[in-house]
Amino acid sequence: MPSLSAADELSTLLAHSHDILTVVDEEGTIAYVSPAVETIFGYEPESRIGRNVFESIHPDDRDEVYERFEGIIESPDRVTQPVTYRQRHRDGHWVWLESVAGSHTETAPYGYVVNSRDITDRKENERALAEERQKYEALVEQGHEGVVIVQDSELQFVNRAMETLTGLSDSELIGRSFRDVVAPEYHDLVAQRYEERIHGENPPSRYDIEIVTADGGRRDIDLEVSCIQYRGEPATMATLHDITDRKAYEQRLEEQRDDLDLLNQVLRHDIRNDLQLVTAYADLLTDHVDDEEGEAYLETLRESSEHAVELTQTARDMAEVMLTTTTDEQRVSLRKALEREFENVRADYPRAVLSIDEPIPAVTVHADEMLSSVFRNLLKNAVQHNDKSVAEVHVSVADGDDTVVVRVADNGPGVPDDRKERIFGKCEKGLESGGTGIGLYLVQTLVDSYGGEVRVEDNDPEGAVFVVSLPKVE
């Protein structure tokens, strides 16, 4: 295979080079440009011959490039540093170049050779990175949360919010141990988790601590920590969320909850004691009342007393729902809860006719022990608000794939369409009833908390059907 001449080798190299090689004279007139100019700028090389290289340089960059070029003319032997600038593409957009120029008068009679590389992608990446850095710096500096960087257990960076949080300036914080701002009882916890994190373990990244401020006060902090590289070395970055006000609010709520719970217990106890006396004296009066009108009054007295006792029971259940703080998911046997309340209500209302489809499916639902209150209130509501001489209530259960549906149907007056949604509202009274309506509101509140649904439909041929859908637990 014949060897290539030096000229052929150079031509081959230039044809395959991604860089542009340009030869210019002292005025910047182009005498030669390599094929890469077409790939990068869209020009055929021959079309650039005789053009001035500076005319297509961005006006904002032209002076610097020309100054560098003059330096080469004045000191031909000087080694130049790369210069970056923008040059216009054939279609009008700007291309970033990085160029190195030198004098080669011995081999290039035109004087000067410029080697240019397309760095547009690099510049775009740098620009995007700079924008992201600016956004991050703005976020860190203007945010309300304190941000610190800890390296070798010392604070290396703090933002303005951290200065506000602690009452200390950055000069007072930088270089100090992070432990210096942490309340003493949290020192061991913070140090332990810092060491675990630095050594590659995976302790909780978010937990609560307290910090001590410059005036000796304390702030409750939700601390969020992550591992980073800072100046080439492992470090941790921590965000400090001030939750002092939230903690104080939660404490006040807890105290109010305890007070309300105590008040509720005392009131229910005293009311039930008084109602028991009313019921007892009503029984004693039975033998002293002979006429029918008097007996009707006594019966009304007994029924009102019993209803008031039931109301204290509902109020207790409602208070338990409103004052509870647990949100843990619980599981309850539907059959046990429904059967127990069905038998209790049937015993309390012997003149009503209560029936239930057997067997009740042995399913477990997302609920808690308060599920019994749902069924108790629906069953009693079906009996108490019934206008027939004999109240009839029928219960059925349908077991679905994901839910179980309980239907409580009665032969009462039914619920008008314009009240079907309002009937579950707070303090919505029952039909033609002097009651408070708290029972159905309790039903709605409980079923919602279980992730279920409750609604009322028309019964056929008369009455209402209360439908409760509950999510099953597999």
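The chain is numbered in sequence order, starting from 1. As a basis for the values below, the full set of heavy atoms in this structure was taken, side chains included, without hydrogen atoms, waters or symmetry mates.
Of all non-hydrogen atoms in Ile49 and Ala31, the two that sit nearest each other are CD1-O, 3.4 Å. Between Pro45 and Ser34, the shortest heavy-atom distance links the atoms CG-O, 4.1 Å. Annotation for Pro203 and Arg193: closest pair CG-O, 3.7 Å, computed over non-hydrogen atoms. Residues Arg197 and Ser226 share a closest heavy-atom pair of CD-C, 4.4 Å. The shortest heavy-atom contact between Tyr186 and Asp208 is CE2-O, 3.8 Å. Taking each heavy atom of Leu470 and Tyr450 in turn, the nearest pair found is CD2-CD1, 4.1 Å.
With a 6.0 Å cutoff to the six-membered ring centre and a 45° limit on the axis angle, Arg48 counts as a cation-pi contact of Tyr43. No cation-pi contact links Arg407 to Phe466, judged by a cut-off of 6.0 Å to the six-membered ring centre and 45° from its axis.
Between Leu173 and Met162, the closest side-chain pair of non-hydrogen atoms falls below 4.5 Å.
Taking CG of Asn159 as the reference point, atom CG of Asp170 lies at 10.5 Å (rounded to 0.5 Å). Once rounded to the nearest 0.5 Å, the distance linking CD of Glu46 with CD of Glu38 reads 8.5 Å. If you take CG on Leu379 and CZ on Phe375, they are separated by 8.5 Å, rounding to the nearest 0.5 Å. Between Leu446 atom CG and Tyr441 atom OH the span is 10.5 Å, to the nearest 0.5 Å.
Salt-bridge formation is not detected for the pair Asp220/Arg246: no Lys NZ or Arg NE/NH1/NH2 atom is positioned less than 4.0 Å from an Asp or Glu carboxylate oxygen. Using a 4.0 Å cut-off between charged nitrogen and carboxylate oxygen, Arg206 and Glu224 count as a salt-bridge pair. Using a 4.0 Å cut-off between charged nitrogen and carboxylate oxygen, Arg331 and Asp368 do not count as a salt-bridge pair.
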Cut-off 3.5 Å, no hydrogens considered: what does the side-chain donor-acceptor table look like for residues 146-153, sequence neighbours left out?
residue : atom : partner : partner atom : Å
Gln151  : NE2  : Tyr230  : O            : 2.9
Gln151  : NE2  : Glu233  : O            : 3.2
Gln151  : NE2  : Pro234  : O            : 3.4

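The aromatic rings of His89 and His93 sit parallel, their planes meeting at an angle under 30°, below the 60° perpendicular limit. Ring pair His58/Trp94 is tilted by interplanar angle, where 30° to 60° counts as tilted.
The closest side-chain donor-acceptor pair between Thr239 and Glu145, if any, does not fall under 3.5 angstrom. Arg340 and Ser372 share a side-chain donor-acceptor pair at under 3.5 Å. Side-chain atoms of Asp410 and His385 include no donor-acceptor pair closer than 3.5 Å. No side-chain donor from either of Tyr194 and Thr236 sits under 3.5 Å from a side-chain acceptor of the other. Between the side chains of Glu44 and Ser47, no donor-acceptor pair is found at a separation under 3.5 Å.
One N or O on the side chain of His187 and one on the backbone of Val182 form a donor-acceptor pair closer than 3.5 Å.
Applying the salt bridge (Lys or Arg N to Asp or Glu O under 4.0 Å) test to Glu55 and every residue at least two apart in sequence or in another chain returns Arg51.
Counting heavy-atom neighbours within 6.0 Å of Arg90 CZ, excluding the residue itself, gives a total of 12 or less.
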